[in-house]
Amino acid sequence: MSKKAELIYDGKSYQIPVVEGTENEKALDISRLRAESGLITLDKGFKNTGSTESAITFLNGEEGILRYRGYAIEDLAEKSSFLEVAFLLIYGELPTIEELKDFQERIVHHTLVHEDVKSILDGFPSNAHPMGVLSSLVSSLTAFYPKSLDPNRSKEEVDGTIIRILAKLPTLAAWSYKNRMRQPVVYPNNNLDYCSNFLRMMFGLPTEEFDVNPVVSKALDKLLILHADHEQNCSASTVRIVGSSHASLYASVSAGIAALWGPLHGGANQAVIEMLEAIRKDGGDVSKYVAKAKDKSDPFRLMGFGHRVYKNFDPRATIIKKAADEVLTELGVNDPVLDIAKKLEDIALKDDYFIARGLYPNVDFYSGIIYRALGIPTDMFTVMFALGRLPGWVAQWKEMRENNEPIGRPRQIYTGYSQRVFSDISER
Ligand code: SDX
């Protein structure tokens, strides 16, 4: 017998079913609330509102737990590979050796993009932010693969659409960077692994051999795993709501990239480095910036700090902080902003303002330091986040479609004028 909650309003009693998840999370199922009571709920930013039931990712913000399909992020980051994690998120199980080989083979044969993409790319000025270019190029895939416009095609055709976006996003991302650098694009080399192929397309030139540093490729693979999914975050919710109108996967991912771009979301990794650089140029006085972050009259926020769900620590930040030390040491990179980041973390974690609000470093706080050490330019950091988050977006879109979820269309509370009589302009 499912539990119920009782709502008493205006002298009437309403029984509201309580839904319980695998990890004992509980929710009031209000799907009948308006029909029975005339009431709706209001929750700006959906801080207390579940939008769906999902079997993909579980996170516990109080205990700093993150699992993809039940597997702990710590294990996946240490023992798995990005493509293996992508398979897990999208299809629900870790692949066998044969399944992973087939998955990699299928991806390898779709890394090329249509030559006309270069004409679209050439239309962007070199100062175009790579996230804007990437979102546009992903949306343009609907023109080259018109069958992808219909998400209700056969399972095999939808899976082909999924494989194509997984295969082509690294190419489009690297080409977005080449547009920035006004350099000729580098075509994919299908003898390389996923990350090495991307790095070669990013940093290589068509006229030269390019040897990928295995330390860099391995570090990137781990970073992509750590970014692969995060349940109903802003960009995943965007992908779901766009997909709920039966828009195509490519249109939904293009919208997800746009949502991720914001500095409060994935754009924070770029904003963190810009903040750390500003602190360094200002003499490195981290206490001054901690004070600014606490000052309500000052719009400054400690970028890379705080999280809607994690109120103790973000397990990804813990792994990335350790990886930052390892990668910079292995590469012999001494980056002064790493020391500033650690000082900032030390001070903030002892400060009541941050402790009281559960503000701790999140995934974006240290990731930019590694990207920088890998030679990735600052305005490409959020593109890296998009590369990592792609399998998560695909898995969320696929689950929403397979569960045949209704179109997302929230209600509102109207606060504007009551009815008014129209007056002719001569009388205004
Ligand atoms: C990501 O959702 C996800 O899962 C996202 C993500 C993913 O993998 O998809 O984890 C990736 O987006 C990580 C977050 C990256 N963003 C940043 O680092 C930007 C800085 N952080 C914040 O702007 C903020 O913490 C958010 C946006 C992350 C969360 O904001 P909330 O949950 O809406 O909280 P809030 O803005 O209402 O803040 C609560 C309080 C406020 O103070 P009071 O009004 O209670 O006095 O905390 C304060 C805020 O002023 N606060 C901060 C702060 N973050 C929150 N104060 C100073 N510096 C900060 N960074």
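Read the numbers this way: they start at 1 and go in the same order the structure lists the ligands and their atoms.
Among protein heavy atoms, the minimum distance from atom 4 (O) of ligand 1 is reached at His230 ND1, 2.6 Å. Closest to atom 34 (O) of ligand 1 among all protein heavy atoms lies Lys47 NZ, 4.2 Å. The protein atom (non-hydrogen) at minimum distance from atom 12 (O) of ligand 1 is His265 ND1, 2.9 Å. Protein heavy atom closest to atom 17 (C) of ligand 1, with residue, atom name and distance, is Ala268 CB, 3.5 Å. In terms of protein heavy-atom proximity, atom 32 (O) of ligand 1 is nearest to Arg308 NE, 2.7 Å. In this structure, atom 60 (N) of ligand 1 lies nearest to the protein heavy atom Leu302 O, 2.8 Å. Looking only at protein heavy atoms, the nearest one to atom 55 (C) of ligand 1 is Leu359 CD2, 3.5 Å.
Under the 3.5 Å distance criterion, with hydrogens and angles disregarded, a donor-acceptor pair is assigned to the side chains of Asn179 and Arg182. Side-chain contact check for Asn190 and Thr111: at least one donor-acceptor pair (N or O, by modelled atom type) lies under 3.5 Å. A side-chain donor from one of Tyr145 and Lys168 sits under 3.5 Å from a side-chain acceptor of the other.
Taking the six-membered ring for Trp and the full ring otherwise, His230 and His265 have centroids separated by 6.0 Å or more. Between Phe82 and Tyr194, the ring center distance clears the sub-6.0 Å criterion. For Phe305 and Phe365, the distance between ring centers is under 6.0 angstrom. In this structure, Phe300 has its ring center under 6.0 Å from that of Tyr289.
For ligand 1 and Lys296, the ligand atoms under 4.0 Å from any heavy atom of the residue are 42 (O), 43 (P), 44 (O), 46 (O), 50 (O). Residue contact check: His307 has heavy atoms under 4.0 Å from atoms 2 (O), 3 (C), 4 (O), 5 (C), 6 (C), 10 (O), 13 (C), 25 (O), 28 (C) of ligand 1. For ligand 1 and Gly304, the ligand atoms under 4.0 Å from any heavy atom of the residue are 17 (C), 18 (O).
Among the atoms of Leu264, some N or O lies under 3.5 angstrom from an N or O of ligand 1. For the pair Phe305 and ligand 1, the shortest N or O to N or O distance falls below 3.5 Å. Close N/O approach between Lys311 and ligand 1 is not found [any backbone or side-chain N/O within under 3.5 Å].
When non-hydrogen atoms are compared, ligand 1 lies under 4.0 Å from the side chain of Arg357 (C-beta onward) but not from its backbone. Contacts with ligand 1 closer than 4.0 Å are made by side-chain heavy atoms of Arg389 only, the backbone lying farther away. Residue Asp364 touches ligand 1 through its side chain alone, judged by heavy-atom distances below 4.0 Å. At a heavy-atom distance under 4.0 Å, no atom of Lys294 approaches ligand 1. Here Asp314 has no heavy atoms under 4.0 Å from ligand 1, in either its backbone or its side chain. Contact annotation: for Tyr353 versus ligand 1, heavy atoms closer than 4.0 Å belong to the side chain alone.
For the pairing with His227, the ring pair (Phe, Tyr, Trp, His ring centres under 6.0 Å) check across Phe381, Phe385, Tyr68 returns one residue only, Phe385.
Shown here, atom 7 (C) of ligand 1 is in close reach of the protein: a heavy atom of it lies under 4.0 Å off. In this structure, atom 26 (C) of ligand 1 has its sub-4.0 angstrom surroundings free of protein heavy atoms.
More than 12 heavy atoms of other residues, nucleotides or ligands lie within 6.0 Å of CZ in Arg153, so this atom counts as buried by the packing criterion. The number of heavy atoms from other shown groups lying within 6.0 Å of CD (Glu93) does not exceed 12. More than 12 heavy-atom neighbours from other residues, nucleotides or ligands sit within 6.0 angstrom of CD on Glu36.
Of the candidates Arg301, Lys292, Arg316, it is Arg301 that places a heavy atom closest to atom 49 (C) of ligand 1. Here atom 28 (C) of ligand 1 lies nearest to Gly306 when heavy atoms of Gly266, Gly306, Gly61 are compared.
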- Message: Please evaluate residues Leu88 and Leu76 with respect to the criterion side-chain contact (heavy atoms from CB on, under 4.5 Å), reporting the C-alpha separation (whole Å), side-chain torsions for both, the decisive distance (0.1 Å), and the verdict.
- Response: CA-CA 10 Å; Leu88 170 67; Leu76 293 169; 4.2 Å; yes
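Annotation: cation-pi geometry satisfied between Arg357 and Tyr353 (NZ/CZ under 6.0 angstrom from ring centroid, within 45° of ring axis).
Using a 4.0 Å heavy-atom cutoff, Ala293 is listed among the residues neighbouring ligand 1.
Panel note: side chain Asn362, backbone Tyr360; no donor-acceptor pair is recorded below 3.5 Å.
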